[in-house]
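No hydrogens, no waters, no symmetry mates; every other heavy atom, side chains included, goes into these values. Predicted model only: the values in this text are computed from it and were never measured. Residue numbering restarts at 1 for every chain, and letters A, B, ... go by the order of the sequence lines.
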Number of protein chains: 4
Amino acid sequence: MVKEMTIQDAFQSVMATRGDVPPKQQRVLAASLVLFAEQGFSNTTTKQIAARAGVAEGTVYRRYKTKDELLAAVLAPFVSGVLPSLIGDFANNIVKRDYLTRHDLIAAVIQDRLHFIQENRDVLQVLLTEFLVRSDVREQLIPQVMPLLQHNLYPVLDRLKTNGELIDWPDDRIAQFMIGTMMSQLVRGVLADEEVESVGPIMIAFIEKGLAPE
Amino acid sequence: MVKEMTIQDAFQSVMATRGDVPPKQQRVLAASLVLFAEQGFSNTTTKQIAARAGVAEGTVYRRYKTKDELLAAVLAPFVSGVLPSLIGDFANNIVKRDYLTRHDLIAAVIQDRLHFIQENRDVLQVLLTEFLVRSDVREQLIPQVMPLLQHNLYPVLDRLKTNGELIDWPDDRIAQFMIGTMMSQLVRGVLADEEVESVGPIMIAFIEKGLAPE
Amino acid sequence: MVKEMTIQDAFQSVMATRGDVPPKQQRVLAASLVLFAEQGFSNTTTKQIAARAGVAEGTVYRRYKTKDELLAAVLAPFVSGVLPSLIGDFANNIVKRDYLTRHDLIAAVIQDRLHFIQENRDVLQVLLTEFLVRSDVREQLIPQVMPLLQHNLYPVLDRLKTNGELIDWPDDRIAQFMIGTMMSQLVRGVLADEEVESVGPIMIAFIEKGLAPE
Amino acid sequence: MVKEMTIQDAFQSVMATRGDVPPKQQRVLAASLVLFAEQGFSNTTTKQIAARAGVAEGTVYRRYKTKDELLAAVLAPFVSGVLPSLIGDFANNIVKRDYLTRHDLIAAVIQDRLHFIQENRDVLQVLLTEFLVRSDVREQLIPQVMPLLQHNLYPVLDRLKTNGELIDWPDDRIAQFMIGTMMSQLVRGVLADEEVESVGPIMIAFIEKGLAPE
DNA sequence: GATGAATGAGCGTTCATTCAT
DNA sequence: AATGAATGAACGCTCATTCAT
């Protein structure tokens, strides 16, 4: 059970990477994120963003030269900051354990990531939506995430398979089921907010059993 | 974008005027679907639709008074036609069986639905994307789909639970996991086309085991 | 004295090249030309053009995708149509004469061109102004005009120099003085309209004497 | 662009506050001049000016309240300082001579002015361009320059005409040809830099012969 | 005095929608 | 029914100008 969890830490360090973004620009980013999540990127106008952030429209463009850049600025810290540090952290804590059960893995993955999903529903929703619709987002995301999975998750899966702890399916399929099940929680969150605590154990049980060897 | 006419209104009028869709309008619908799936609804212009359909821009508006109505017309037959008949069919075939195993259920659901997903990837992708982004689509979809599940799927689940064939989780959670797992295949399809045949057995096994009683 | 003058003819043929430009687009072009001449390209808004042309702002963009393209559309027929056919015509009529005096040349050049300047003051003023300020206009104009001069005017000058009819200065310098003197009439026209008839003889005399051999 | 404050007003206030221009403002003026000449007034942003001058954007506005005033400040010293003193000088030196030949006049005018053109190409180019495009610049320039010509140049021309040294054309026409010929050198300079030394004698010869009596 | 972040009017441009043909 | 030129509201974005520091 990885309790040295670092979502907050990761986020902090990402924010630090951003340099000292002045407060108005922070408000622009925050407003963009909320509106993109609520209405989608294309349906959000820069006027709305400015109004929500309480700044003039020109201010939106001080740091970000285009609306597309604003989308990138909203997603980038997650894609290239939070996500990697999260997965890297996870790998460091999990991979090293000598005796790793399926339950250990699933629980670690799901538990952490559910909190992550809950706390970052907005970004993730924007990410999912634009991923489905914008090839540039796909091309930004895939080369970031795929290697992470391949280097951090797949070796662990392979070890578990060798140990008879995990069913012998292709790694990408196992990842698909894990991610898909968590994604379902994201979509469900669009309908109604839900405390993540109640879902965790059930979801862990579902995936753990689903991936047990025959 | 969303003006006075909500998608619901549009939906009504679409439903009212179906049946005798002339070929040019069919081409408009087909072009809209493809483009909406490729680029999203908001990023698609009526000019693109007209060009792809091989008609004049004005022709797009002969039957569908607004672009929103076009979206409704693309989704409507699916949401209120294909989906219900599918679930109804399923219910008729499954519910009546005296002895129903978990495998029977899952296999029936998944197998059919996977072909369904493959053949309707475009609509489903549009549906998923706009569902995440447009509240009017959500408000159109939910009251259509929820009762279907409640009346057709949930009783079956309850029967299986009673028979000890299924784990005793809330129906909506079980539905969430089933739908989520299938949805993962939809998202995966955005990355690369994949023959559905290869996934079916694995996915059935995953869900079947995941939902087995303790 | 080249009286088979073809300014009108040239313009007609250029207009024909334009295909059948619909009347509203003609009005847009005309309005653009007048406003560009009056206020300069940068100081003219598309709103002004639309208002002057009596069309909606969107109509300005039906044929010309950008304001820059509008400038090109206003200048292009002159630069690549009227000008060449004018110079070509001139060359055909002048070069062939066995015995050509300096006066014949200058009179032919100036007389025709003064009418040309008067009738096309707007375009020429735009051309001069933007030539001074926009490198893209320069790069469009120079490769069009320089070869014309080199192939049509310079040989004639050389023949006259050989015959002792013309002072032995470099061709480009002679062209500079001729063009500069005519240009002065263009600039003068900005201050006050003036009938060209009165200037012609004086200007011809000035240039003719100025270019006489020692 | 041109709001309530016309260039005239600006001009007045510029004139009133001259004398003690601090170095940063000098740099702003210099940067403005270069950029206006390179790209034209309208195509130059205050940001570019600030960057080129190495100052903050706000500093540009410390002394000059508007961009129009900056244009006025760039042109003012030239129009009301350099130009008059130049013509005045010339008049003082030329007019007093008892025996003045056409050559003396032309040579004096052209020789001096060619160096002047070369050294002030930037201002002159801005002046010419904006003269063609901005009526307020025209209205500023004309009442400054016309009297200068009328009081200093025209009497000399008249005296030469009386002496049979100069052709009997209207003074303004003679001035037009002289200025036009020099202007041609300015336009030529836009295409390629050229040492003025080589042009001088030829240009003097051209004008001198062109203006000789019959 | 100098700075540069902030402003917002207004620009060029797009595009859903209309309508004369 | 079908066309596509025309419309104009509204978009993303620019930039002259202001002002708190």
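Taking atom CG of L70(C) as the reference point, atom P of dT13(E) lies 10 Å away to the nearest angstrom. Rounded to an integer number of Å, the gap from Q48(A) CD to dC11(F) C1' is 11 Å. For the pair I49(C) CD1 and dG12(E) P, the computed distance is 8 Å after rounding to whole Å. With rounding to whole Å, Q39(A) atom CD is found 14 Å from dC11(F) atom C1'. Atom-to-atom, NZ of K65(C) to C1' of dT13(E) comes out at 13 Å; the value is rounded to the nearest Å. Distance, N43(B) CG to dT14(E) C1': 13 Å, rounded to whole Å. The distance between atom OH of Y64(B) and atom P of dA2(F), rounded to the nearest whole Å, is 12 Å. Rounded to whole Å, atom C1' of dA10(F) lies 11 Å from atom NZ of K47(C).
When the side chain to side chain contact (heavy atoms under 4.5 Å, CB included) test is applied to R138(D), the partners found at least two apart in sequence or on another chain are V190(C), L191(C), F131(D), S135(D), I142(D). Contacts of F78(B) classified as side chain to side chain contact (heavy atoms under 4.5 Å, CB included), with partners at least two apart in sequence or in another chain: V82(B), L83(B), F116(B), N120(B), V123(B), L124(B), L127(B). Take E38(A) and apply the side-chain hydrogen bond (donor to acceptor under 3.5 Å, both in side chains) test, not counting sequence neighbours, and it matches R52(A). Legend: residues meeting side chain to side chain contact (heavy atoms under 4.5 Å, CB included) with D122(D), ordered by chain and number and at least two apart, are L33(D), V34(D), A37(D).
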Pull out every protein N or O sitting under 3.5 Å from an N or O of nucleotides 19-21 of chain E, one pair per line with the distance.
none

Subject >> Stepwise side chain to side chain contact (heavy atoms under 4.5 Å, CB included) check, V133(D) with F41(D) >> reply: CA-CA 10 Å; V133(D) 140; F41(D) 174 76; over 6 Å; no

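Along DNA chain E, the nucleotide nearest to V55(D) and the one nearest to E57(A) differ in position, and the one closer to the 5' end is contacted by V55(D). The nearest heavy atom of DNA chain F to T45(A) and to P23(C) marks one nucleotide each, and the one closer to the 5' end goes with P23(C). Nucleotides of DNA chain E nearest to G54(A) and D68(C) differ in position, and the one nearer the 5' end is that of G54(A).
Residue-level contact check: S42(A) touches neither bases nor backbone, having no heavy atom under 4.0 Å from any strand.
Annotation for V60(D) and Q25(D): closest pair O-OE1, 4.4 Å, computed over non-hydrogen atoms. R134(A) approaches D68(A) most closely through the heavy-atom pair NH2-OD2, 3.0 Å.
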**OP:** With pairs defined as Watson-Crick or G-U wobble and both distances under 3.5 angstrom, please note down DNA chain F as a dot-bracket string, | for pairing with another strand.
**Re:** .||||||||||||||||||||

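Using a 4.5 Å cut-off on side-chain heavy atoms (C-beta onward), Q39(A) and Q48(A) make contact. Side-chain contact check for L70(A) versus L29(A): some heavy-atom pair is nearer than 4.5 Å.
The phosphate of dT7(F) (OP1 or OP2) has a side-chain N or O of T59(C) nearer than 4.0 angstrom. Residue K67(D) places at least one side-chain N or O under 4.0 Å from the OP1 or OP2 atom of dA16(F). Here K24(D) reaches the OP1 or OP2 of dT3(E): one of its side-chain N or O atoms lies under 4.0 Å away. The phosphate of dA16(E) has OP1 or OP2 within less than 4.0 Å of a side-chain N or O from T46(B).
When atom types are taken as modelled, the side chain of E57(A) and the backbone of T46(A) share no donor-acceptor pair closer than 3.5 angstrom.
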